[in-house]
J.: 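Here it is, the structure, as structure tokens.
Note: hydrogens, waters and symmetry copies are ignored here, and every other heavy atom, side chains too, is used.
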Amino acid sequence: MTTEVPLAAIILAGGASRRMGRDKATLQFDGTTLVERTVNTLKARCAPVFVVAAPGQALPPLDAEVLRDEIRGVGPLLATGRGLRAAAEAGRELAFVAAVDMPLLTTDIIDELVGPAVRLGADVVLPWDGRDHYLAGIYRTSLAGVVDELIAAGERSMRALIDRVDTHRIVMPEQPALTNVNTAADLAALRRPQVA
């Protein structure tokens, strides 16, 4: 059973959110902040749960361990490495890495990805629905060292990591769980009732 595979969760919450014009982690959706919502969703399947935040970023009280980026605004690769290292130190070989801006995320995605991660022994398993979802994938925690090497070489993008390691993509149809909110209009569209 893939639901028995131990997984950490790493939630990247410290992004600059330039298109949104403000911190996404503390945006409200259905009566809770996006970071609280993501923690609550992932803690049902993953332990421990780590939230990687920017230095000085205000967050509500969370049922998760908060890690702080050392530098603000350098992209998700450095934050992912920080989270992977913490998950490895907690004894986990695999972690689900998620962006904080997916309010409809469910643990069903995790279980679709973890099986192939275990069977194939892949470094990374990503959902693919016409595009890679770097921040909704299963990562081996041993990749923290690879991230360090990439950062030292001046890399900042998740693509640099994905291109360097054994990455498998699981093809799936577009689904609400993988929807990122990048603008206020994106968030408002999720709040509107969907017409069948």
J.: To check you understand the geometry: which heavy-atom pair defines the closest contact between L7 and A95, and what is its length?
T.: CD2-N, 4.1 Å
J.: For the atom pair CZ (F50) and CD1 (I11), what is the distance rounded to the nearest 0.5 Å?
T.: 11.0 Å
J.: Does some side-chain heavy atom of R164 sit less than 4.5 Å from a side-chain heavy atom of I162?
T.: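 I162 vs R164: side chains apart.
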J.: To the closest 0.5 Å, what do you measure between CD1 (I151) and CG (L78)?
T.: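 Going from CD1 on I151 over to CG on L78, the span is 4.5 Å.
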J.: Taking only residues two or more places apart in sequence or in another chain, which ones pass side chain to side chain donor-acceptor pair (under 3.5 Å) with E93?
T.: none
J.: What is the distance from atom NE2 of H133 to atom CZ of R169, rounded to the nearest 0.5 Å?
T.: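 So the NE2 of H133 and the CZ of R169 are separated by 11.5 Å.
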J.: Is the backbone of V35 close enough, under 3.5 Å, to the side chain of T38 for a donor and an acceptor to pair up by distance?
T.: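 Pair absent, no side-chain N/O of T38 close to backbone of V35.
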J.: In chain order, what residues pass the salt bridge (charged side-chain N to carboxylate O under 4.0 Å, His left out) check against R68, with sequence neighbours excluded?
T.: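 Salt bridge (charged side-chain N to carboxylate O under 4.0 Å, His left out) check on R68 returns nothing, list empty.
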J.: Answer whether the closest heavy-atom distance between the side chains of T80 and M158 falls below 4.5 Å.
T.: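 When only atoms from C-beta onward are counted, M158 and T80 do touch, with a gap below 4.5 Å.
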J.: What residue among I10, L84, T167, V165 forms side chain to side chain contact (heavy atoms under 4.5 Å, CB included) with Y139?
T.: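 Of the listed options, the one satisfying the test is L84.
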J.: Heavy atoms only: give me the nearest A160-E155 pair and the separation to one decimal.
T.: CB-OE1, 3.5 Å
J.: Salt bridge (charged side-chain N to carboxylate O under 4.0 Å, His left out) with R92: which residues, sequence neighbours excluded?
T.: none
J.: Taking C-beta and beyond as the side chain, do V39 and L42 meet within less than 4.5 Å on heavy atoms?
T.: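 When only atoms from C-beta onward are counted, L42 and V39 do not touch, as no gap falls below 4.5 Å.
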J.: Working to the nearest 0.5 angstrom, can you tell me the gap between L135 CG and F96 CZ?
T.: 9.5 Å
J.: Rounded to the nearest 0.5 Å, what separation is found between the CE atom of M172 and the CG atom of L178?
T.: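 The CE atom of M172 sits 6.5 Å away from the CG atom of L178.
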J.: For D123, check salt bridge (charged side-chain N to carboxylate O under 4.0 Å, His left out) against everything at least two apart and list the hits.
T.: none
J.: With side-chain hydrogen bond (donor to acceptor under 3.5 Å, both in side chains) as the rule and sequence neighbours excluded, what pairs involving residues 98-109 come up?
T.: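 Residue pairs with at least one partner in residues 98-109: K24-D101, D101-N180.
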J.: What heavy-atom pair brings T141 and A87 nearest, and what distance separates the two atoms?
T.: CG2-CB, 3.6 Å
J.: Answer yes or no: does atom CD of E174 have more than 12 heavy-atom neighbours from other residues, nucleotides or ligands under 6.0 Å?
T.: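 Not buried by this count: 12 neighbours or fewer within 6.0 Å.
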J.: Can you name the closest pair of heavy atoms from D166 and A122 and give their distance?
T.: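 Distance-wise, the nearest heavy atoms are OD2-CA, 3.6 Å.
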J.: For T26 and A58, work out which heavy atoms get closest and say how close.
T.: CG2-O, 3.6 Å
J.: Should R37 and D30 count as side-chain neighbours, where that means a heavy-atom distance under 4.5 Å?
T.: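 Counting from C-beta outward, R37 and D30 do come under 4.5 Å.
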J.: If you round to the nearest 0.5 Å, how far is CG of L94 from SG of C46?
T.: 10.5 Å
J.: Counting C-beta onward and ignoring hydrogens, is there a side-chain heavy-atom pair between V181 and L34 closer than 4.5 Å?
T.: yes
J.: Looking at A13 and V51, what are the two nearest heavy atoms and their distance?
T.: CB-CG1, 3.8 Å
J.: Keeping Q57 on the side-chain end and A54 on the backbone end, is there a donor-acceptor pair under 3.5 Å?
T.: yes
J.: Keeping the roles fixed (side chain from E36, backbone from T33), state whether a donor-acceptor pair exists under 3.5 Å.
T.: yes
J.: Going by the rule salt bridge (charged side-chain N to carboxylate O under 4.0 Å, His left out), which residues pair with R82 if we only count those two or more places apart in sequence or in a different chain?
T.: none
J.: Is there side-chain contact between V100 and L12, with at least one heavy-atom pair below 4.5 Å?
T.: no
J.: Do the side chains of P55 and D69 get nearer than 4.5 Å, heavy atoms only?
T.: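 With C-beta onward as the side chain, the pair touches.
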